[in-house]
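What follows is a short report on a single structure.
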Amino acid sequence: MKARGPFHGEVAVPGDKSISHRAVLFAGLATGKSRVRGFLDAEDTMRTVGMMTALGAAVERISPTELRVEGAGLRGLTEPADVIDAGNSGTTIRIGSGILAGQPFLSVVTGDRYLRLRPMARVIRPLTQMGASIWAREGNRLPPICIRGGSLKGIRYEMPVASAQVKSALLLAGLYADSPVTVVETLPTRDHTERMLTAMGAKLDREGGRVTVFPAERLDPMDITVPGDISSAAFFLVLAAVTPGSALIVRRVGVNPFRTGAVDALRRMGADIRYEDERQDGGEPVADIAVRGGRLSATRIDPGEVPGLIDEIPALCVAAAFAEGRTEIRGAGELRVKESDRIGSMVSNLSSLGVSCGEYPDGLWVEGPAELRPSFPCRSHGDHRIAMSLLIFEKAAGMKLAIDDVSCIDTSFPGFKALLEGLA
Ligand code: S3P
């Protein structure tokens, strides 16, 4: 398969999803008015706005990407009058559960048909250990989830799965506990929660793979500009990297070291990727990312690297299909419980396009460069990152794919298709 292109120019991607969720959740708990600029205006993050509004925070939208949030205070939230709908958003329901576990009232959180199949025991178990009463469907595993919180005690919790959502839920619940909460990670995950809570005046101790949060009376409001989302930028990095002659710059991207595993993997594959104008913004490292296309070769992604590129694996599979040799990704069993089973989703789509690939229980392999079979129908499985990966595959291969549903892209990146189509 010969890649098309080349693609030239500059793109700006929307605000980071993880940081946007946290900004609204934490600003809603602060005492006073926060301002959030660069907010991701997408379905997932608006679910978090809905949750905090239902709990009594006042969120005013100055523009689609700018919010003013009048926090209710850590102990000023009120019982929601109705079931909270987290839509497709795992971050809303899981991190939100940590807040709800601290509240002396009843909350019920549900989601769409995909979210209602995603595992919740990972947050329910430790929050119950802290003293919250939580019920959920199918043996306390699946949403809807029903929480009556309050009177929490501190715990030390060793995380059985690497998950920033679970870590964040426990750190938030820890603000309400009677003694410190310590979370121990075997593999480090994104630390946006630690950075933001510290900036808001909470006391956190970090040492090696361990983070301790101390109970708090209040959080200070914040004034934050959310950087561009590296998980959204990754689609453009891959597209430019696999198309020889391309030269693309993605502006103002968050390059938190716990999020840049895809850049490291692409560099190992031979991609020329540089950070320009590195700076700090909103307590996070930010850079313009310049990428030049060329011929890539296969790589191996080991378990230890997975948390740093977990959301970028579908895009990296596209890079692997254009690269010379067999790329292997292991230790990524978590992909099976994302918005879709991303191992199954990518392998079935790539296979039907003629790409040689296969599954492991905890990963996949892709052998390139592929001989393509055009026009086979592709399925996004209602998963935004699968849909966007298929669209960059289509663009890089210069062929038309029949993708069943791309509306799911709106959960994280409304405007993605237009931006992609506009690339010269
Ligand atoms: C996220 C953490 C990751 C990631 C998700 C966002 C977060 O999930 O896949 O898209 O904002 O904390 P897990 O915590 O399940 O690993």
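When a residue number appears, it is its place in the shown sequence, counting from 1. Nothing here was measured: the structure is a model prediction, and the numbers come from that model. Counting starts at 1 for both ligands and their atoms, following the listed order.
The side-chain tip of Arg267 points at the ring of Tyr275 from less than 6.0 angstrom away and within 45° of straight on.
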**OP:** Evaluate the criterion salt bridge (Lys or Arg N to Asp or Glu O under 4.0 Å) for residue pair Arg259 and Glu284; output intermediate values, then yes/no.
**Re:** CA-CA 11 Å; Arg259 296 283 299 279; Glu284 294 274 349; over 6 Å; no
**OP:** Evaluate salt bridge (Lys or Arg N to Asp or Glu O under 4.0 Å) for Asp311 paired with Arg190, printing each intermediate quantity in order.
**Re:** CA-CA 12 Å; Asp311 293 334; Arg190 61 193 73 189; 3.3 Å; yes
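Partners of Asp41 under the side-chain hydrogen bond (donor to acceptor under 3.5 Å, both in side chains) rule, at least two apart in sequence or in another chain, are Arg61. Residues passing the side-chain hydrogen bond (donor to acceptor under 3.5 Å, both in side chains) test with Arg274 are Asp272, sequence neighbours excluded. In terms of the side-chain hydrogen bond (donor to acceptor under 3.5 Å, both in side chains) criterion, residue partners of Asp223 (sequence neighbours excluded) are, by chain and number, Arg37.
Pocket lining of ligand 1, defined as residues with a non-hydrogen atom under 4.0 Å away: Ser18, Arg22, Thr91, Arg94, Ala162, Ser163, Ala164, Gln165, Arg190, Ile310, Asp311, Lys338.
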